[in-house]
Amino acid sequence: MDDPVLLTGAGGRVGQAILRGIGEDHEWRLLDREPLSADRLPPGVTDDDVIVADVTDTAAMVEAMDGVGAVIHLAGDPRPEAPWNSVLENNIDGAQTAFEAAVDAGVEKVAFASSNHAVSAYETDARTPEMYRTDDDYGLDGTELPRPGNLYGVSKAAGETLGRYYHDTEDLSVVCVRIGNLTESHPPRNYERGQAMWLSHRDCAHLFDRCIRADYEYEIVYGISDNERKYYSIERAREALGYDPEDDSAAYTLEGEPRDKA
Ligand SMILES: NC(=O)C1=CN([C@@H]2O[C@H](COP(=O)(O)OP(=O)(O)OC[C@H]3O[C@@H](n4cnc5c(N)ncnc54)[C@H](O)[C@@H]3O)[C@@H](O)[C@H]2O)C=CC1
Ligand SMILES: O=C1O[C@H](COP(=O)(O)O)[C@@H](O)[C@H](O)[C@H]1O
């Protein structure tokens with residue numbers, strides 16, 4: 001596809017993992033409410049391609065979407081403990097503004113950054129920590145109802161529902177990626193939950209590349225690496241998007257050391 005991709009929240013952890021991995025593979029328009037320093041821009045992207053704006057600003061969002069082929073919507077409050085006023089404004093209002101602006105501008109597809117916290121209440125006391133281990137069969141595949149464990153998770157479930165609404169009423173192609181736990185270089189240390197839902201930087205970049213390139217209607221997929229410990233299925237991401245991850249937290253010790261060097 002030749003049209004630029006709008007990436008909101010471009011200066012954050014997920015945005016930078018995407019740009020470092022596939023920054024040279026697409027034309028970009030980058031949006032964040034914080035200015036982006038030159039070291040956060042991929043080669044060929046200049047300040048002219050950067051918009052400093054809040055995702056709740058309708059006029060700025062409509063302008064940012066002009067001529068865009070696809071949107072990766074990451075901007076929001078990522079804190080599991082975030083208070084209601086923040087997730088209401090940044091995550092729910094922000095997502096609604098992004099989807100509506102995409103429709104207004106005739107954008108074809110939107111990838112929405114959802115979260116494991118949209119379903120974290122499935123991790124009951126009776127199921128944990130066993131469900132984080134390889135010898136346990138309990139799993140989620142994206143067809144289950146949301147079951148948030150906090151208000152941040154509620155906001156992500158709301159974003160998924162907004163995506164469903166804009167798909168059904170406006171024919172917008174929407175993929176909701178329930179991202180696990182993104183860390184660089186090694187999985188989260190001494191944290192079984194984090195190792196079960198690890199998303200490496202290169203798998204993150206590849207997954208969102210597939211969100212830009214694949215054809216889909218409405219999808220909910222899990223965004224994790226191919227971890228041996230996983231309780232989230234990545235089959236739908238493979239089938240609908242052509243996701244083919246390379247990493248597995250089992251290649252590291254619980255302390256995060258590569259096993260071939262341990
Ligand atoms: N990092 C992770 O492991 C996970 C992240 N996610 C989701 O992915 C998205 C990105 O997360 P991170 O990169 O980790 O967060 P981050 O905090 O590192 O980056 C978020 C970026 O969005 C910008 N932003 C926040 N609110 C904004 C607003 N109202 N308008 C414009 N820009 C705004 C911030 O300035 C920041 O650059 C979030 O929606 C988060 O909920 C979901 C699951 C796991
Ligand atoms: O949605 C998110 O999830 C990850 C993993 O959650 P955690 O509670 O196990 O740390 C979190 O690190 C990230 O900040 C958040 O946006």
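Order of listing sets the numbers, starting from 1, for every ligand and every atom in it. Everything numeric here is computed off the predicted structure, so don't read it as measured data.
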Query raised in the report: Between Asp244 and Arg238, is there a side-chain N and carboxylate O pair less than 4.0 Å apart?
Result: yes
Query - Partners passing ring pair (Phe, Tyr, Trp, His ring centres under 6.0 Å) against His73 (at least two apart in sequence or in another chain) - result: none
Requested in this report: Tell me the residues surrounding ligand 2, counting only those with a heavy atom closer than 4.0 angstrom, sorted by chain and number.
Outcome: Arg13, Pro78, Pro80, Ser115, Asn116, His117, Tyr152, Gly180, Asn181, Tyr191, Arg193
Query - Every residue of the protein that comes under 4.0 Å of ligand 1, judged on heavy atoms - result: Gly9, Gly11, Gly12, Arg13, Val14, Asp32, Arg33, Glu34, Ala53, Asp54, Val55, Leu74, Ala75, Gly76, Pro78, Asn90, Ala113, Ser114, Ser115, Tyr152, Lys156, Ile179, Gly180, Asn181, Leu182
Query raised in the report: Excluding sequence neighbours, so at least two apart, what forms side-chain hydrogen bond (donor to acceptor under 3.5 Å, both in side chains) with Arg33?
Result: Asn90
Query - Short N-O contact, Arg178 and Glu160, less than 4.0 angstrom - result: yes
**Report entry** Any donor-acceptor N/O pair, Arg40 side chain to Gly11 backbone, under 3.5 Å
**Finding:** yes
Report summary line: Between the OG1 atom in Thr183 and the NE2 atom in His201, the distance rounded to the nearest 0.5 Å is 6.5 Å
Requested in this report: State whether Asp135 and Arg133 are salt-bridged, where the test is any N-O pair (Lys NZ or Arg NE/NH1/NH2 against Asp/Glu carboxylate O) under 4.0 Å.
Outcome: no
Report task. Answer with yes or no after comparing the ring centroid distance for Tyr152 and His117 against a 6.0 Å cut-off, counting only values under it. Result -> yes
Query raised in the report: Does Arg147 count as lying over the ring of Tyr122, i.e. NZ or CZ under 6.0 Å from the six-ring centre, within 45 degrees of the axis?
Result: yes
